[in-house]
Amino acid sequence: MKINAGEIRVGMLLEYKNDLWLVLKTQHVKPGKGGAFAQVEMKSVGKNTKLNERFRSSETVEKASLDETDFNYLYDEENNYIFMDPKTFEQIEIKKDLIGEKGKLMTENLKVSVSFHNENPISVELPNQVTCKIETTDVALKGQTVSSSYKPATLDNGLNIQVPPFIDSGDEVVVDTRTLEYIKKI
């Protein structure tokens with residue numbers, strides 16, 4: 001689907017120069033002399049390279065068409081995560097480096113959304129919030145509550161996050177999967 005350069009937004013996938021690019025930053029510039037243009041910073045999905053490109057407002061770019069399908073997370077192997085389509089029970093493997101650190105937040109039967117481009121998985125979208133258990137955290141010091149201070153904590157999945165002083169080891173907390181930040185205690 002063709003879109004004008006002025007319609008490019010952060011998070012879009014574009015087909016450009018025979019590759020698939022994820023838009024990281026975009027800025028619309030109107031110089032005093034000459035025509036307006038969009039300054040776009042993109043990252044290649046396949047090659048992990050970055051590219052800064054200028055598109056004139058009159059130019060069009062190809063927006064990649066994606067198919068999104070819901071899957072349930074089953075388990076992980078050495079280099080892959082295994083997912084199952086709940087409708088067809090078909091299983092797929094997705095490389096761990098595609099998901100990154102957020103893969104540690106996945107628990108058995110967690111419902112995720114997988115985006116495909118030409119039948120290749122491009123990204124895995126986790127729910128916005130997941131519940132985790134605090135494995136270890138420092139003891140809160142008295143008088144530390146005057147300022148809004150946070151302390152380091154390690155989750156049962158190995159991730160390190162910052163939590164408020166009233167959180168103790170063994171507590172269950174809700175974590176934002178997009179920012180890997182503490183939201184609330186359960």
Side-chain angles (χ1 to χ4, degrees), residues 1-73 76 79-83 85 90 92-106 110-130 132 148 150 152 155 157-163 174-184:
M1 175 173 82
K2 294 262 188 209
I3 60 170
N4 282 337
E7 298 174 31
I8 297 173
R9 300 286 177 258
V10 174
M12 278 186 175
L13 281 167
L14 304 176
E15 290 181 34
Y16 182 69
K17 291 185 178 177
N18 295 327
D19 204 355
L20 199 60
W21 299 88
L22 175 67
V23 176
L24 301 175
K25 291 181 189 170
T26 181
Q27 181 181 12
H28 193 72
V29 181
K30 294 180 187 174
K33 186 177 180 183
F37 61 88
Q39 181 74 34
V40 180
E41 183 180 318
M42 304 180 288
K43 178 182 173 190
S44 171
V45 174
K47 300 180 190 128
N48 247 1
T49 56
K50 282 190 178 176
L51 175 70
N52 278 315
E53 199 68 46
R54 277 186 181 175
F55 298 104
R56 287 192 304 276
S57 295
S58 58
E59 282 184 79
T60 59
V61 290
E62 187 71 31
K63 183 179 175 189
S65 59
L66 297 177
D67 302 320
E68 286 194 9
T69 311
D70 287 337
F71 281 88
N72 288 345
Y73 169 70
D76 68 325
N79 298 322
N80 298 317
Y81 290 113
I82 311 299
F83 297 91
D85 186 334
E90 175 188 340
I92 61 166
E93 293 182 4
I94 297 178
K95 294 210 175 299
K96 285 188 175 182
D97 56 353
L98 182 73
I99 300 170
E101 279 287 293
K102 294 179 182 180
K104 293 181 178 178
L105 292 171
M106 294 191 302
L110 182 71
K111 187 177 179 182
V112 298
S113 178
V114 180
S115 297
F116 291 92
H117 180 262
N118 294 339
E119 297 183 10
N120 293 326
I122 298 297
S123 67
V124 176
E125 197 71 31
L126 274 66
N128 291 343
Q129 300 176 351
V130 293
C132 297
S148 61
Y150 277 65
L155 301 175
N157 54 25
L159 282 177
N160 293 319
I161 64 168
Q162 296 288 320
V163 295
V174 176
V175 177
D176 189 323
T177 59
R178 298 162 293 186
T179 59
L180 298 179
E181 291 178 350
Y182 163 87
I183 296 177
K184 65 181 181 181

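No hydrogens, no waters, no symmetry mates; every other heavy atom, side chains included, goes into these values.
Scanning all heavy atoms of the two residues, the minimum distance from Lys43 to Leu24 falls at CB-CD1, 3.8 Å. Of all heavy-atom pairs spanning Ile122 and Phe116, the tightest one is CG1-C, 4.3 Å. Taking every heavy atom of both residues into account, Phe37 and Ser57 meet most closely at N-OG, 3.9 Å. When all heavy atoms of Met1 and Glu62 are compared, the pair lying nearest together is N-OE2, 2.5 Å. Across Ile3 and Ile8, no two heavy atoms sit closer than the pair CD1-CG1, 4.2 Å. Of all the heavy atoms in Lys111 and Asp70, the pair that sits closest is CE-OD2, 3.4 Å.
Once rounded to the nearest 0.5 Å, the distance linking CD of Gln39 with NZ of Lys25 reads 10.5 Å. Rounding to the nearest 0.5 angstrom, the gap separating the CD atom in Glu41 from the CG atom in Leu51 is 9.5 Å. The distance from atom CG of Asp67 to atom CG of Asn120, rounded to the nearest 0.5 Å, is 11.0 Å. Rounded to the nearest 0.5 Å, atoms OG (Ser123) and NE2 (His117) are 12.0 Å apart. Here CG of Asp19 is found 11.0 Å from CG of Leu14. Values are rounded to the nearest 0.5 Å.
Within the 6.0 Å centre-distance limit, the rings of Phe55 and Tyr16 are counted as a close aromatic pair.
A donor-acceptor pair is defined here as one N or O able to donate and one able to accept, closer than 3.5 Å; such a pair exists between the side chain of Thr177 and the backbone of Pro127. Side-chain atoms of Asn157 come within 3.5 Å of backbone atoms of Lys104 as a donor-acceptor pair (strictly under, hydrogens ignored).
You'll find the side chain of Glu125 stays beyond 4.5 Å of the side chain of Glu68, heavy atoms only. Here the side chains of Leu105 and Leu110 are not in contact, with every heavy-atom distance at 4.5 Å or above.
The salt bridge (Lys or Arg N to Asp or Glu O under 4.0 Å) test applied to Lys30 returns no partner, not counting sequence neighbours. Residues passing the side-chain hydrogen bond (donor to acceptor under 3.5 Å, both in side chains) test with Glu7, sequence neighbours excluded: none.
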- Evaluate the criterion side-chain contact (heavy atoms from CB on, under 4.5 Å) for residue pair Met106 and Ile99; output intermediate values, then yes/no. CA-CA 10 Å; Met106 294 191 302; Ile99 300 170; 4.1 Å; yes
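Between Tyr150 and Tyr182, the angle of the ring planes goes over 60°, which puts this pair in the perpendicular group of the 30/60° scheme.
Salt-bridge formation is detected for the pair Asp176/Arg178: a Lys NZ or Arg NE/NH1/NH2 atom is positioned less than 4.0 Å from an Asp or Glu carboxylate oxygen.
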